[in-house]
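Let me begin by presenting the structure, written as structure tokens, before commenting on it.
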Amino acid sequence: MSSIKQDLVDIVKIYSKDPFDPVYVSSIPQGWTLHGKGNFAAVFSHPSLKGKVVKIYAENRNGIVDEITVYKKLGQHKAYSKLEEYGDRYLVLKKLDGITLYQAFKKGVFIPNSVISDVDKAINYAIQRGLNPTDIHGKNVIMNNGHGYIVDVSDFLKPYSCPKWKHFKFAYYTFYLPVFRRLHLSLPNWFLERIRKGYQLYLRISGFRKKQKNLD
């Protein structure tokens, strides 16, 4: 194809209304597929980009320079994507197949302990590379064939200590594993969103959001 910037970036509309909710996406060019949405960016795929995806930041959000730096520091590791090329607002990344842990909850797909172990190893690797793995949670981790992958590294240069993965693991071992190991129950979207919003409220009440804002 001719140009990612011309064919996609300059046409699609991506806007972040709330830094704690997924971005709004519109005007997706023909042939492109919305692969996923985060709080600051959206990810797209195209048949011509075999094994790759394009991540575009919202018009009103920064952070792409930091993410480029993180990928360069990470180098190559099986639990992370790989930076192929980049522009002012977009990254071309190696595509990681699988479903997010959030989607696994919705579909009733069991999350094995090996996924959690892979993420722990990936976190330790990033720390050894001089990074600070931050904002790791059910929507930023995917699993495929029993393996875990971290798909969003945009906050790995942040200076604060993030409790999200620690809390996720506590809930996984305390509540999820004892029940879902036997009963592969699917959880409705409204229930998962209520948990997500409730956890965001907890982070504000606990003072984490204030600390995060002051250090950003």
Side-chain angles (χ1 to χ4, degrees), residues 22 33-39 41-47 49-55 67-85 91-158 162-187 189 192 195-196 199:
T33 300
L34 178 62
H35 197 68
K37 296 191 297 182
N39 296 349
V43 177
F44 302 86
S45 59
H46 192 277
L49 294 173
K50 300 297 184 182
K52 301 177 184 178
V53 294
V54 180
K55 179 176 181 178
E67 186 163 2
I68 291 168
T69 300
V70 170
Y71 273 115
K72 288 181 177 180
K73 284 193 171 187
L74 283 173
Q76 294 192 38
H77 187 278
K78 60 183 179 180
Y80 293 104
S81 183
K82 177 186 175 184
L83 180 64
E84 303 286 353
E85 61 178 278
L91 309 172
V92 179
L93 301 168
K94 174 186 174 183
K95 183 181 179 182
L96 295 176
D97 294 317
I99 61 173
T100 67
L101 303 192
Y102 188 87
Q103 291 170 328
F105 291 142
K106 290 174 64 174
K107 296 179 179 181
V109 178
F110 178 65
I111 303 170
N113 183 58
S114 57
V115 171
I116 308 301
S117 177
D118 282 347
V119 174
D120 282 340
K121 292 175 183 176
I123 289 172
N124 289 333
Y125 169 80
I127 292 173
Q128 292 170 5
R129 304 291 288 187
L131 297 166
N132 180 33
T134 303
D135 197 34
I136 300 173
H137 51 76
K139 286 189 173 184
N140 284 347
V141 173
I142 65 172
M143 66 177 195
N144 190 22
N145 294 325
H147 294 289
Y149 307 86
I150 299 176
V151 296
D152 189 351
V153 301
S154 57
D155 288 336
F156 278 28
L157 292 181
K158 301 296 184 183
C162 179
K164 293 180 183 179
W165 184 243
K166 179 180 70 175
H167 291 161
F168 183 93
K169 288 203 300 180
F170 174 82
Y172 174 85
Y173 288 114
T174 305
F175 304 108
Y176 177 86
L177 203 57
V179 175
F180 285 79
R181 178 182 286 162
R182 297 187 301 272
L183 303 173
H184 295 187
L185 301 174
S186 58
L187 300 176
N189 188 67
L192 291 171
I195 292 176
R196 186 175 73 88
Y199 184 64

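What you see is a predicted model, and the numbers here were worked out from it, not measured in a lab.
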Go through the structure and list residues passing side-chain contact (heavy atoms from CB on, under 4.5 Å) with A122, not counting sequence neighbours. H77, A79, Y80, I150

With the side chain counted from C-beta on, respond yes when C162 and K158 share a heavy-atom pair under 4.5 Å apart, and no when they do not. no

Under 6.0 Å between ring centres: does that hold for Y199 and H167? yes

Apply side chain to side chain donor-acceptor pair (under 3.5 Å) to D118 and list each qualifying residue two or more places apart in sequence or on a separate chain. H147

Do any pairs count as a salt bridge (Lys or Arg N to Asp or Glu O under 4.0 Å) and have a residue in residues 93-105, sequence neighbours left out, and if so which ones? K95-D97

To the closest 0.5 Å, what do you measure between CD1 (I111) and CD1 (I116)? 6.5 Å

CG (N189) and NZ (K106) are apart, to the nearest 0.5 Å, by 4.0 Å

Checking K166 now: which residues fulfil side chain to side chain donor-acceptor pair (under 3.5 Å) with it, not counting sequence neighbours? none

Pairs involving residues 131-153, ordered by first then second residue, that meet salt bridge (Lys or Arg N to Asp or Glu O under 4.0 Å) (sequence neighbours left out): K55-D152, D135-K164, K139-E193

Which value, rounded to the nearest 0.5 Å, describes the distance between D155 atom CG and N140 atom CG? 8.5 Å

Could you walk me through whether W165 and V119 pass side chain to side chain contact (heavy atoms under 4.5 Å, CB included), step by step? CA-CA 9 Å; W165 184 243; V119 174; 3.4 Å; yes

Can you list every side-chain hydrogen bond (donor to acceptor under 3.5 Å, both in side chains) pair that touches residues 171-186, not counting sequence neighbours? N113-Y173

Kindly indicate, with the supporting measurements, whether the criterion side chain to side chain contact (heavy atoms under 4.5 Å, CB included) is fulfilled by V54 and L91. CA-CA 6 Å; V54 180; L91 309 172; over 6 Å; no

Counterpart residues, side-chain contact (heavy atoms from CB on, under 4.5 Å), relative to V151 (two or more places apart): L96, I142

Can you sort out the partners of Y102 under ring pair (Phe, Tyr, Trp, His ring centres under 6.0 Å), two or more places apart, ordered by chain and number? none

Rounded at 0.5 Å granularity, tell me how far CZ in F105 sits from CZ in F110. 10.5 Å

Mind checking the CD-CG spacing from E67 to L74? Nearest 0.5 Å is all I need. 10.0 Å

Nearest heavy-atom neighbours spanning Y71 and L83: CB-CB, 3.8 Å

By side chain to side chain donor-acceptor pair (under 3.5 Å), K169 pairs with (sequence neighbours left out) D120

Within the 4.5 Å heavy-atom criterion, are K37 and V43 side-chain neighbours or not? no

Does the side chain to side chain contact (heavy atoms under 4.5 Å, CB included) test come out yes or no for N132 and I127, once each step is laid out? CA-CA 6 Å; N132 180 33; I127 292 173; 6.0 Å; no

Considering non-hydrogen atoms only, spot the tightest contact between V53 and S45 and give its length. CG1-CB, 4.4 Å

Using the side-chain contact (heavy atoms from CB on, under 4.5 Å) criterion, which residues pair with K50? Sequence neighbours excluded. none

Residue pair H46 / T33, side-chain heavy-atom distance below 4.5 Å: no

Is there a donor-acceptor contact under 3.5 Å from the side chain of S114 to the main chain of G146? yes

Partner residues of H35 under the side chain to side chain donor-acceptor pair (under 3.5 Å) criterion, sequence neighbours left out: none

Passes side chain to side chain contact (heavy atoms under 4.5 Å, CB included), V141 versus T100? Steps please. CA-CA 5 Å; V141 173; T100 67; over 6 Å; no

Under the salt bridge (charged side-chain N to carboxylate O under 4.0 Å, His left out) test, residues paired with K82 that sit two or more places apart: none

Within this structure, what is the CG-CD distance for the pair L93 and E85, rounded to the nearest 0.5 Å? 10.0 Å

